[in-house]
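First up is the structure itself, then whatever we jot down about it.
Just so it is clear, the structure is predicted and the values come from calculations on it, not from any experiment.
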Amino acid sequence: MKIEVARADELGEEYRYQIAEVLTQGFAEDFAFFSKNAKALADAFAPMLILERFHIALVDGEPAAVAAVTESEQECFKPDRRKLQRVLGPIHGMISYRITRSQFMGAYDGARDGLAEIAFVTTAPQHQGKGVATALMHRLLELPSDEFVLRDIKDTNTAALGLYAKLGFTETQRRRIRFAKRAGFSAYVSMSLNRAEADE
């Protein structure tokens, strides 16, 4: 098994849909409002991806894991209302457009130059447990940022939390979410890694 990591825009437009498939498979539960149909989800998200913000781990040449990296005011999605309405229908597409803008866009309070936010980290089901996400994260930590943050990881996602802890991330916040128990978790966890502190 050969694992390579590249930025999505370096791979090219022909990989856009495959990247969207990996992303929407990994977050199918979170994206269920958009659609529960896997193909419709990928169709909806593929045009929104800002490829230069996504880093991809490929296994034998096929996208197997993804992560978005943004800094300061950068965004990783560029939703198009008309395209969403074409895929999801006029009303549902409009609501999905508004949800995308309110939930997945906009810098958080601590955003700044030199601080990289890593988000939407996920691995395709058939590649989980094979070190693919680890390889991807190692590459991201080589980026020239002085601090890295991960936000809103479900407290039940023990595999991800364990991986990030092994890489040197420490928990900075645990935010309890109203009604989260209905979705099977109780809090969102945020973590950070400061390069200067990690090198000490």
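Scanning both residues, S145 and G114, for their nearest heavy atoms gives CB-O, 3.4 Å. In plain terms, the two heavy atoms of A67 and V121 that are nearest each other are CB-CG2, 3.8 Å. Minimum heavy-atom separation, M191 to A165: CE-N, 4.1 Å. Nearest heavy atoms, T122 versus G26: OG1-CA, 3.0 Å. Looking at every heavy atom in both residues, I118 comes nearest to L150 through O-CD2, 3.4 Å. Between L163 and A133 the shortest heavy-atom distance is CD2-CB, 4.1 Å.
Within a 6.0 Å sphere centred on CD of E29, heavy atoms belonging to other residues, nucleotides or ligands number 12 at most.
Contacts of K39 classified as salt bridge (charged side-chain N to carboxylate O under 4.0 Å, His left out), with partners at least two apart in sequence or in another chain: D43.
Under a 3.5 Å cut-off, the side chain of T172 and the backbone N or O of S190 do form a donor-acceptor pair. The backbone N or O of G106 lies less than 3.5 Å from a partner atom in the side chain of E75, making a donor-acceptor pair. Side chain of Q18 to backbone of Y15: no donor-acceptor contact under 3.5 angstrom is found. Looking at R175, its side chain never comes within 3.5 Å of a backbone N or O of D152 through a donor-acceptor pair. Under the 3.5 Å distance criterion, the side-chain polar atoms of E117 are left unmatched by any main-chain donor or acceptor of V149. Side chain of Q128 to backbone of T123: a donor-acceptor contact under 3.5 angstrom is found.
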Query raised in the report: Can F77 and F120 be said to form a ring-ring contact (aromatic ring centres under 6.0 Å, His included), step by step?
Result: CA-CA 11 Å; F77 294 120; F120 297 104; 5.1 Å; yes
Requested in this report: For the pair D146 and R112, evaluate salt bridge (Lys or Arg N to Asp or Glu O under 4.0 Å) and give the outcome as yes or no after the intermediate values.
Outcome: CA-CA 11 Å; D146 57 63; R112 60 173 174 79; 2.9 Å; yes
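Atoms CG and OG, from L84 and S35 in turn, are 11.5 Å apart once rounded to the nearest 0.5 Å. For the atom pair CD1 (I50) and CD (Q74), the distance works out to 9.0 Å, reported to the nearest 0.5 Å. We find the CG-OG1 distance between L161 and T156 to be 8.5 Å, quoted to the nearest 0.5 Å. Rounding to the nearest 0.5 angstrom, the gap separating the CG atom in L58 from the NZ atom in K2 is 10.0 Å. Between the CZ atom in R101 and the CZ atom in R81 there is a gap of 11.5 Å [rounded to 0.5 Å]. Atom OG1 of T70 and atom CD of E52 lie 12.0 Å apart (nearest 0.5 Å).
Hydrophobic clustering (ILVMFWY, side-chain heavy atoms < 4.5 Å, transitive): L41 and L49 are in one cluster. I19 and V5 are not part of a single hydrophobic cluster, where members link through side-chain heavy atoms under 4.5 Å apart. Hydrophobic cluster membership is shared by F27 and M48, with clusters built from Ile, Leu, Val, Met, Phe, Trp and Tyr side chains linked at under 4.5 angstrom. Both M137 and V189 belong to a common hydrophobic cluster when Ile, Leu, Val, Met, Phe, Trp and Tyr are linked at side-chain heavy-atom distances under 4.5 angstrom. Cluster membership check: V132 does not share its hydrophobic cluster with V22, using side-chain heavy-atom separations under 4.5 Å among Ile, Leu, Val, Met, Phe, Trp and Tyr.
The shortest distance between side-chain heavy atoms of H55 and R7 falls below 4.5 Å. Proximity of L141 to F169: side-chain heavy atoms (C-beta onward) are separated by under 4.5 Å at one or more points. Proximity of L140 to F148: side-chain heavy atoms (C-beta onward) are nowhere separated by under 4.5 Å. Two residues are said to be in side-chain contact when any heavy atoms from C-beta on lie closer than 4.5 Å; F31 and L23 meet this criterion. The shortest side-chain heavy-atom distance between M1 and I3 falls under the 4.5 Å cut-off. Considering only heavy atoms from C-beta on, E71 comes within 4.5 Å of D113 through its side chain. The side-chain heavy atoms of R16 and L51, taken from C-beta on, include a pair separated by under 4.5 Å. Side-chain atoms of Y188 and K154, non-hydrogen and from C-beta on, do get closer than 4.5 Å to each other.
The aromatic rings of F104 and F45 lie tilted to each other, with the angle between the two planes from 30° to 60°.
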Side-chain donor-acceptor pairs of residues 87-98 under 3.5 Å, sequence neighbours excluded:
from: H92; atom 1: NE2; to: F33; atom 2: O; distance (Å): 2.7
from: H92; atom 1: NE2; to: F34; atom 2: O; distance (Å): 3.0
from: S96; atom 1: OG; to: H92; atom 2: O; distance (Å): 2.8

